[in-house]
Number of protein chains: 2
Amino acid sequence: MPSELRRPERAFTIRQLCVEFKCTPRALRFYEDKGLLSPARQGLNRVYSYKDRARLQLILRGKRVGLSLSEIREILELYAKGDGGAAQNAKALRKFRERIVVFEQKREDIDLALEELRTACARMEQMLADSRPDLLPSAEEYDKIVRARVDGPHEVRAH
Amino acid sequence: MPSELRRPERAFTIRQLCVEFKCTPRALRFYEDKGLLSPARQGLNRVYSYKDRARLQLILRGKRVGLSLSEIREILELYAKGDGGAAQNAKALRKFRERIVVFEQKREDIDLALEELRTACARMEQMLADSRPDLLPSAEEYDKIVRARVDGPHEVRAH
DNA sequence: CTTCACATTGACGTTTACGTAATAGCGCGT
DNA sequence: ACGCGCTATTACGTAAACGTCAATGTGAAG
C-alpha cells in the first residue's frame with residue numbers, strides 16, 4: 001500500500017473513497033445510516049479519516065465473503081471497544097470464537113468449490129485440446145483476466 | 001458420508017432434504033422456480049434424486065460463500081452441459097477461469113479476516129487472563145461451539 | 001368416515017442493500 | 001452574476017430471497 005494513504009492525518013472525500021473502492025456515495029451514506037461508518041464533518045460535507053478508510057475496507061471485505069451489514073456492524077463494534085469491562089470482553093471473546101468457526105467453514109466451502117472448478121477446467125481443457133485446440137484460450141488472455149481483478153483498492157494515480 | 005445416501009436409486013422427499021440441510025420447503029421450491037433444481041414428480045409431489053441432493057449441496061455451499069442464486073445457476077448450467085459444442089465449451093472454460101479468480105480472492109479475504117479475528121482473540125484472552133482469569137471461557141465451552149457447527153448436512157438418524 | 005399431517009399452487013408481505021430522482025446549498029472559474 | 005460540479009438530505013423505487021398466509025388435495029391412522 002502506498003504509504004501516503006497510511007498517514008494518519010490523511011483525509012478523504014466521499015468521492016475519493018468511492019473511486020478507490022469502486023462503490024457509490026449512496027452506499028457509503030447507507031453504511032453510515034446503519035452505523036458502520038461515522039466520518040467527521042466540515043460543515044455538511046463528510047470527511048473520512050484513515051481509520052474510516054480502514055473500516056470501509058473491512059466492510060467491503062466482509063460483504064465479499066457473504067456477511068450481511070448487520071453482521072459486519074456487530075463485528076466492528078466488538079472489535080472497536082476493546083475495553084468496556086471484563087464481562088463485556090468475555091462475551092465478545094465468545095462471539096469472536098463463533099465467528100472464527102463460521103469463517104473456517106466458509107474457507108472450506110471455498111476450497112471445495114475451487115477444487116471442483118479446477119478439475120472441471122482441466123476436463124474441459126483436455127476435451128478442447130483433443131477436438132479444437134485452436135479454441136483454447138491463450139495464456140495472455142488468462143493474464144488479462146487476472147489483471148482485471150476488481151477486488152482490492154484500486155490504485156489511484158495522479159493523471 | 002453415509003453410503004446409504006450415496007446410492008443412486010435413493011430418493012428424498014422435500015421434507016427430508018429440508019431437515020438434512022436445515023432449510024425450508026419454500027426455499028427448495030423457490031430454487032426450482034429459478035431453475036436451479038428440477039426434481040421428478042410422483043403425481044404432484046416432488047421426488048428428489050441423489051443428483052438433486054448433490055445440486056442442493058452445491059447451491060447452499062455457494063450461498064454460504066456469498067454467491068447469488070443467478071450466479072450459482074450459471075455455474076451449475078455451465079457445469080452440467082459438458083458437451084454443447086466446442087465453441088460453447090471454450091466460452092464455458094473462460095467463465096470458469098474467471099470464477100476461479102474470484103474464488104481465490106474470496107479465499108484471501110477470508111484468510112485476512114481469520115487472521116484479524118485470531119489476533120484480536122489473543123489480545124482479549126491476554127487482557128482477561130491479566131484482569132479476570134475467572135471469566136475466561138473454558139476449553140470445554142469452546143468444544144461445544146465447534147460441535148454445534150451448523151454447516152454441513154446434518155446427520156439424520158433413525159430415532 | 002373423519003381427522004391429521006404433509007404435500008401442492010398461488011398470492012401477497014418483508015428484509016436487505018442499495019438505485020434513482022428531486023431539491024437545495026457551496027466553492028470556483030469566467 | 002452565472003453556470004458547473006460536487007455535496008447534502010429526503011423520499012420513493014427495486015431486485016433478490018425468501019416468509020407467510022390461504023385454499024386445496026391426498027394418503028395414512030384411529
Side-chain angles (χ1 to χ4, degrees), chain A residues 11-49 52-53 55-77 102 106 109 150 156 159, chain B residues 11-49 52-53 55-77 102 106 109 150 156 159:
Chain A
F12 308 86
T13 74
I14 196 172
R15 183 66 51 176
Q16 286 171 337
L17 288 189
C18 286
V19 169
E20 182 178 4
F21 292 103
K22 302 191 172 169
C23 49
T24 68
R26 178 70 176 96
L28 293 203
R29 297 192 193 107
F30 185 75
Y31 300 155
E32 185 174 344
D33 239 50
K34 297 293 170 181
L36 285 87
L37 284 174
S38 31
R41 301 280 180 137
Q42 282 185 13
L44 283 180
N45 292 14
R46 279 161 249 260
V47 182
Y48 294 87
S49 70
D52 292 323
R53 179 176 171 279
R55 277 178 85 91
L56 176 57
Q57 202 163 14
L58 288 177
I59 292 169
L60 299 177
R61 187 178 294 159
K63 288 202 58 190
R64 280 197 298 266
V65 300
L67 295 184
S68 74
L69 290 187
S70 59
E71 288 172 315
I72 296 174
R73 183 172 50 83
E74 191 184 357
I75 292 179
L76 286 177
E77 281 172 0
V102 171
K106 279 182 195 293
D109 285 332
V150 225
V156 181
H159 70 296
Chain B
F12 307 86
T13 75
I14 196 172
R15 183 66 52 176
Q16 285 171 337
L17 288 188
C18 286
V19 169
E20 182 179 3
F21 291 103
K22 302 191 174 172
C23 50
T24 68
R26 179 69 175 96
L28 294 203
R29 298 192 192 106
F30 185 74
Y31 299 155
E32 187 174 345
D33 239 52
K34 297 295 170 181
L36 286 91
L37 284 175
S38 32
R41 300 280 181 137
Q42 282 185 13
L44 284 180
N45 291 16
R46 290 167 174 82
V47 182
Y48 295 87
S49 70
D52 292 323
R53 180 176 170 279
R55 277 179 86 90
L56 176 58
Q57 203 162 16
L58 287 177
I59 293 169
L60 299 177
R61 188 178 295 160
K63 288 202 56 187
R64 280 197 298 265
V65 300
L67 295 185
S68 75
L69 290 189
S70 58
E71 288 172 315
I72 296 174
R73 183 171 52 82
E74 192 184 355
I75 293 180
L76 286 177
E77 281 172 1
V102 171
K106 279 182 195 293
D109 285 332
V150 226
V156 181
H159 71 293

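Lettering follows sequence order; numbering is per chain, from 1. The structure displayed is predicted, hence computed values, not measured ones.
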Heavy-atom side-chain proximity of B:K63 to B:L69 below 4.5 angstrom = yes

query = Taking side chain as C-beta onward, heavy atoms only, is A:F21 less than 4.5 Å from A:R53?
reply = yes

N or O in side chain of A:R46 less than 4.0 angstrom from D:dT7 OP1/OP2 = no

note = In whole angstroms, the gap separating P of D:dC18 from CG of B:D33 amounts to 12 Å

task = Find the distance B:I72:CD1 to D:dA17:C1' and express it as a whole number of Å.
result = 11 Å

remark   = note: B:R73, atom CZ; D:dA16, atom C1'; distance rounded to Å ~ 13 Å

message = Please report the distance, rounded to the nearest Å, between CG in B:L17 and C1' in C:dC6.
response = 15 Å

Atom pairs under 3.5 Å, N or O on each side, protein against nucleotides 17-21 of chain C: can you list them with distances?
from, atom 1, to, atom 2, distance (Å)
C:dA17, OP1, A:L69, N, 2.9
C:dC18, OP1, A:K63, NZ, 3.1
C:dC18, OP2, A:Y31, OH, 2.8
C:dC18, OP2, A:K63, NZ, 2.7
C:dG19, OP2, A:T24, OG1, 2.7
C:dG19, N7, A:R26, NE, 3.1
C:dG19, O6, A:R26, NH2, 2.9
C:dT20, O4, A:R26, NE, 3.1

ask   = To the nearest Å, how far apart are A:L44 CG and D:dC6 C1'?
value = 13 Å

Rounded distance (nearest 0.5 Å) linking atom CZ of B:R26 with atom OH of B:Y31 = 10.5 Å

task = Measure from CZ on B:R15 to C1' on D:dG27 and round the result to the nearest Å.
result = 16 Å

request  = Quickly work out the B:N45 CG to C:dA5 P distance and round it to whole Å.
outcome  = 18 Å

query = Does any N or O in the side chain of B:K106 come within less than 3.5 Å of the main-chain N or O of A:R64, such that one atom is a donor and the other an acceptor?
reply = yes

key: d(CG, A:L28; P, D:dA8) in whole Å   = 10 Å

ask   = Does any N or O in the side chain of A:D52 come within less than 3.5 Å of the main-chain N or O of A:S49, such that one atom is a donor and the other an acceptor?
value = yes

message = By the 4.0 Å heavy-atom rule, please label A:R29 as base, sugar-phosphate, or nothing.
response = base

Salt bridge (charged side-chain N to carboxylate O under 4.0 Å, His left out) against B:E32, all qualifying residues, sequence neighbours excluded = B:R41, B:R46

